[in-house]
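Quick caveat: nothing in here was measured; it's all calculated off a predicted structure.
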Amino acid sequence: MTAFETAMTVLFNDRNLSKDAFFLPMMGTNRSVRVITRAPDVFQNVGSSVIEASTLVVEVQIAECPAIVAGDQFMIDGITYKTQGTPRRDSERLVWQGDCYAN
């Protein structure tokens, strides 16, 4: 295990940074995972207007979810969030980042 893998494991096990969740894939078995969530506001230009859209970014370790595709879901604090678009991996290939919306 590399230093980065050890650091990511520590972060995802920290109860102040991460939460318990369920990963609900479209194909495969549901499983319990730890996630870190962020909710940045996204601003998009549409013509001469700027539209603010609320988003939820869910991060999960690749070791816990080897594959995530658009449409897979996460249940966090009793709310189900659907992954939209193609999830991204970090540069070290340790963490998935998926843009989600409440289902």
Side-chain angles (χ1 to χ4, degrees):
M1 185 176 279
T2 67
F4 289 115
E5 290 171 316
T6 302
M8 294 310 296
T9 300
V10 168
L11 291 174
F12 276 90
N13 287 325
D14 186 334
R15 299 271 176 205
N16 297 307
L17 296 175
S18 63
K19 301 177 180 189
D20 289 321
F22 288 100
F23 176 58
L24 313 167
M26 291 190 303
M27 296 180 66
T29 317
N30 299 349
R31 62 182 156 275
S32 179
V33 296
R34 297 284 300 168
V35 297
I36 295 175
T37 59
R38 295 182 287 122
D41 288 334
V42 175
F43 298 93
Q44 298 178 346
N45 293 324
V46 178
S48 60
S49 300
V50 177
I51 296 175
E52 178 182 1
S54 59
T55 62
L56 179 74
V57 176
V58 174
E59 296 181 341
V60 62
Q61 292 185 85
I62 291 174
E64 290 188 327
C65 292
I68 299 177
V69 298
D72 286 348
Q73 299 177 0
F74 290 91
M75 183 181 289
I76 306 166
D77 296 332
I79 301 170
T80 303
Y81 297 93
K82 189 176 233 179
T83 305
Q84 61 183 356
T86 304
R88 304 167 303 281
R89 292 186 213 170
D90 69 330
S91 60
E92 297 295 321
R93 303 273 194 234
L94 299 174
V95 176
W96 284 110
Q97 295 178 345
D99 295 326
C100 299
Y101 62 92
N103 202 10

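- Residues passing the salt bridge (charged side-chain N to carboxylate O under 4.0 Å, His left out) test with R93: none are found, sequence neighbours excluded.
- Side-chain contact between V35 and S18 is absent, with no heavy atoms from C-beta onward closer than 4.5 Å.
- Applying the side chain to side chain contact (heavy atoms under 4.5 Å, CB included) rule to A102 yields the partners I79, Y81; only residues at least two apart in sequence or on another chain are considered.
- Residues passing the side chain to side chain contact (heavy atoms under 4.5 Å, CB included) test with V46, sequence neighbours excluded: I51.
- Rounding to the nearest 0.5 Å gives a distance of 11.0 Å between CD1 of I36 and CG of N16.
- Of the candidates T9, L17, V10, N13 forms a side-chain contact (heavy atoms from CB on, under 4.5 Å) with just one, namely T9.
- Side-chain atoms of R31 come within 3.5 Å of backbone atoms of T29 as a donor-acceptor pair (strictly under, hydrogens ignored).
- Put simply, L94 and L11 are part of the same group of oily side chains (I, L, V, M, F, W, Y) that touch within less than 4.5 Å, one to the next.
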Got a list of side-chain donor-acceptor pairs under 3.5 Å for residues 56-77, not counting sequence neighbours?
from	atom 1	to	atom 2	distance (Å)
E59	OE2	R38	NE	3.4
E59	OE2	R38	NH2	3.3
E59	OE2	Q97	NE2	3.0
E64	OE1	R34	N	3.0
D72	OD1	M26	N	2.9
D72	OD2	V69	N	3.0
D77	OD2	K19	NZ	3.3

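- Legend: residues meeting side chain to side chain contact (heavy atoms under 4.5 Å, CB included) with T2, ordered by chain and number and at least two apart, are F4, E5.
- Taking R89 as the reference, nothing meets the side chain to side chain donor-acceptor pair (under 3.5 Å) condition, with sequence neighbours excluded.
- Using a 4.0 Å cut-off between a side-chain N of Lys or Arg and a carboxylate O of Asp or Glu, D99 and K82 do not qualify as a salt bridge.
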